[in-house]
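These notes concern the structure reproduced below.
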Amino acid sequence: MTTPRLKAIRNIGIIAHIDAGKTTLTERILYYTGRTHKMGEVHDGAAVMDWMPEEQERGITITAAVTTCQWKGCVINIIDTPGHVDFTIEVERSLRVLDGAIGVFDAVGGVEPQSETVWHQADKYKVPKLAFINKMDRMGANFWAAVDSMRDKLGAYPLVLTIPWGEEERFQGVIDLLSLKAIRWRDETLGTDFEVVDIPADYQGPAEKAREALVEAVAEVDDEVMEIYLAEQALSVEALKAGIQRLTLALKGVPTYCGSALRNKGIQPLLDGVKDFLPNPTQVPAIIGQNPHTGDTESRPPRDDAPLAALAFKIMVDQNQRLTYVRLYSGTLKFGQEVYNSIKGTSEKVARILRMHANKREPLEEAHAGSIVALLGLKATTTGDTLCSRQHPIVLEPISSYVPVISLAIEPVTRDDQERLGPALARVSEEDPSLRIHVDEDTGQTLLSGMGELHLEVITHRLEREFHTHVRAGRPQVVYRETIAKSVEETGVFDRELAGKHHFAEVRLSLSPRPRGRGNSFVSLLPEGHLAAGFVPLIAQSVAEALEGGAVYGHPVVDVAVALTDATVREGQTSEMAFRVAAMTAVKQGLHQGQPQLLQPIMKVEIIAPEEFTGEVIGDFASRKGKVEHLLAKGPVRIISGLAPLSEMFGYATALRSLTQGRGTFTLQFDHHGYVER
């Protein structure tokens, strides 16, 4: 019975730019599938999926929320992800465990910067996608322009399945290109009731033209549809849908729908698309991992009778209980069962298995392959760990994290706050892998490092609200890096007598700059059989430690290639300590001599401002050392894209609002580390 159950499962995520309508869409999906009996609105702070107080106050999604619903015999596990760039890690770890996704786009703005980021994250994990062009009722809505922006900015291959019946205030429904029927929703029923009618006469021509374009688009890529098309045979709806599904699963096409989530229109056809075109767990490749004992590559098929393999993708502390969210790829998990953490090398017992609906819980006796559930009782498991059986161990690919770009110094207000601060920070850092906590040895300050100002602001508010820990926060600081500009070769020597014993080692290292973003590397050029060969791992470790703090500014060193070219050993005098000190000395000298350079985060900036304020906005941006790369006219607004140092963008939200009478918006996204201009 495993296969029929698995074929009915869809594990999907809702991904998009901030304010594209992801959470509003999710609320409608839950309402129309009968999962909830009242629609919550984001602007009222009543959305089911935005359950955190921080989310309700700000009207944005901060943490990925999981829920389950059913539609026409399908069990749909949904993760509603954040759209703000500061919380990209939530999208990353959600996409890592999902089989499909719905990309939501604003019919006015089309593909926006964070939409590109999350779309390419989905591409990285080879996640098939649907697209939903939302807000068709808004002033300036343009469905076909939004579809074109998917082609231009995402390199996507849209397969348009519904087109709008009217736009802006005239939007009343959609025209289904598969059935060639028009669908109109009754407003008084909150979108639960709709009628399927013949296509209005003035839309007959555009609908037939769009249907022909759809068939041609599928035939162009799918061989089976191509054969029917070339033979000029009648193409059934079932054959066309089968072709669309093949393209979707092969990442060659994106079924595209339209509607207005806020006005309750266009959601049911999208749900049909989830059922018809997004993959079930049997239609995605079996998960692959590595046997930690043998190093061999192994796979786990999505079957209940296969060995257990699950990935912990999120840790959350709720109601003072530690929840571990996992995706079961294979096997069956029962409450009370012992599981093996192949990363930590420890066994843990599952106290309870929960099906989550945002922050509400439903206990389960057991969970099967393809499920996304939360577990209680796991104490050592962290984000990215693999859970399996000890008899069949496997390590799945971990979840990649992000390098913080901004730091904030905090200090407790009272002695009681000081006692609570440590445990509170441990809890929030366990939940959020993109948060770094560091105590500065020189100043004694606690430094929070994260992905942006909003990220750190949310963390400090959570410390106060959830953990009753009051802190004073300093001005955010940029996380700088160091590198070198020229290649050098330096020798480090340690030759000293300590505690009556002579210690000697000599290490010669070559340091050279690498391209931005390539990271550090170490290679040994010692010939085979060299007397110092046994010390190479120690030298490599010492080099890595020396690069953690630059010799000039004290910031971590990046993008430097280090080669061990020679090492000298003296019998009876050479020690590990001597080699460690000699290697670190050579690195420090090399960093001093290699034209040290200070690097700073350079951000990709996109500003949307009314046309009449464009000059002032560009002038202010230039004063912040910003470089404009593109200026695009889009109706009454101008979209200004460029690069600027993060250090110059603090407080920009307030400045932009004052320049544009509160009508300007912007997004910041880390692009690269660049030289600090002197």
Side-chain angles (χ1 to χ4, degrees), residues 17-19 58 60 62 82-89 109 112-117 402-410 434-436 447-461 473-482 516-517 553 555-556 558 597-610 613-632 637-678:
H17 187 87
I18 189 169
D19 204 31
R58 297 168 191 274
I60 63 170
I62 290 171
H84 197 285
V85 65
D86 285 14
F87 309 104
T88 301
I89 182 67
E112 296 167 286
Q114 185 64 4
S115 304
E116 289 187 64
T117 301
Y402 287 83
V403 178
V405 297
I406 188 170
S407 291
L408 187 71
I410 61 169
S434 63
L435 182 70
R436 302 280 192 279
L447 298 176
L448 297 184
S449 300
M451 304 306 297
E453 286 184 272
L454 179 62
H455 184 202
L456 297 182
E457 187 183 318
V458 167
I459 294 296
T460 54
H461 283 193
R475 186 175 180 272
Q477 299 294 316
V478 174
V479 179
Y480 290 97
R481 295 285 185 267
E482 288 182 42
R516 290 288 76 78
Y553 307 103
H555 301 293
V558 296
Q597 303 286 329
L598 190 60
L599 299 174
Q600 63 180 339
I602 304 296
M603 311 301 285
K604 186 191 294 182
V605 187
E606 181 167 291
I607 306 162
I608 302 176
F613 303 112
T614 306
E616 293 94 322
V617 170
I618 290 177
D620 179 73
F621 187 60
S623 74
R624 296 170 180 270
K625 300 180 182 174
K627 295 181 174 62
V628 175
E629 294 188 318
H630 303 288
L631 178 60
L632 180 67
V637 300
R638 296 293 178 266
I639 301 174
I640 304 157
S641 304
L643 299 172
L646 175 62
S647 58
E648 301 288 338
M649 297 302 290
F650 290 139
Y652 187 62
T654 305
L656 183 63
R657 276 198 294 267
S658 64
L659 283 171
T660 61
Q661 299 177 2
R663 294 159 63 195
T665 61
F666 78 104
T667 56
L668 272 184
Q669 193 172 341
F670 174 73
D671 191 76
H672 68 280
H673 278 101
Y675 292 126
V676 174
E677 296 177 12
R678 307 290 175 85

Within the 4.5 Å heavy-atom criterion, are [X] and [Y] side-chain neighbours or not?
X	Y	value
Val605	Met649	yes
Leu643	Lys604	yes
Tyr675	Leu598	no

Return the [atom1] to [atom2] distance between [X] and [Y], rounded to the nearest 0.5 Å.
X	Y	atom1	atom2	value
Ser641	His630	OG	NE2	6.5 Å
Thr460	Leu448	OG1	CG	8.0 Å
Arg516	Leu599	CZ	CG	5.0 Å

> Counting distance only, does the side-chain N/O of Glu482 pair as donor-acceptor with the main-chain N or O of His555 below 3.5 Å?
Replying inline: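 Yes.
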>> side-chain contact (heavy atoms from CB on, under 4.5 Å), that's the test. Do Gln600 and Leu646 meet it? Break it down for me.
In response: CA-CA 8 Å; Gln600 63 180 339; Leu646 175 62; over 6 Å; no
Could you go through residues 621-628 and list every donor-acceptor pair under 3.5 Å that involves a side-chain atom there, pairing it with any protein atom two or more places apart or in another chain?
unit_1 : atom_1 : unit_2 : atom_2 : d
Ser623 : OG     : Asp620 : O      : 2.5
Arg624 : NE     : Asp620 : OD2    : 3.1
Arg624 : NH1    : Glu648 : O      : 2.7
Lys627 : NZ     : Glu677 : OE2    : 3.4

> Which residues pass the side chain to side chain contact (heavy atoms under 4.5 Å, CB included) test with Val617, sequence neighbours left out?
Replying inline: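 Scan of Val617 (side chain to side chain contact (heavy atoms under 4.5 Å, CB included), adjacent residues dropped) gives Ile607, Ala609, Phe613, Ile640, Tyr652, Leu656, Thr660.
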> What pair of heavy atoms forms the shortest contact from Ile608 to Glu112, and how long is it?
Replying inline: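 Taking Ile608 first and Glu112 second, the nearest heavy atoms are CD1-OE2, 4.5 Å.
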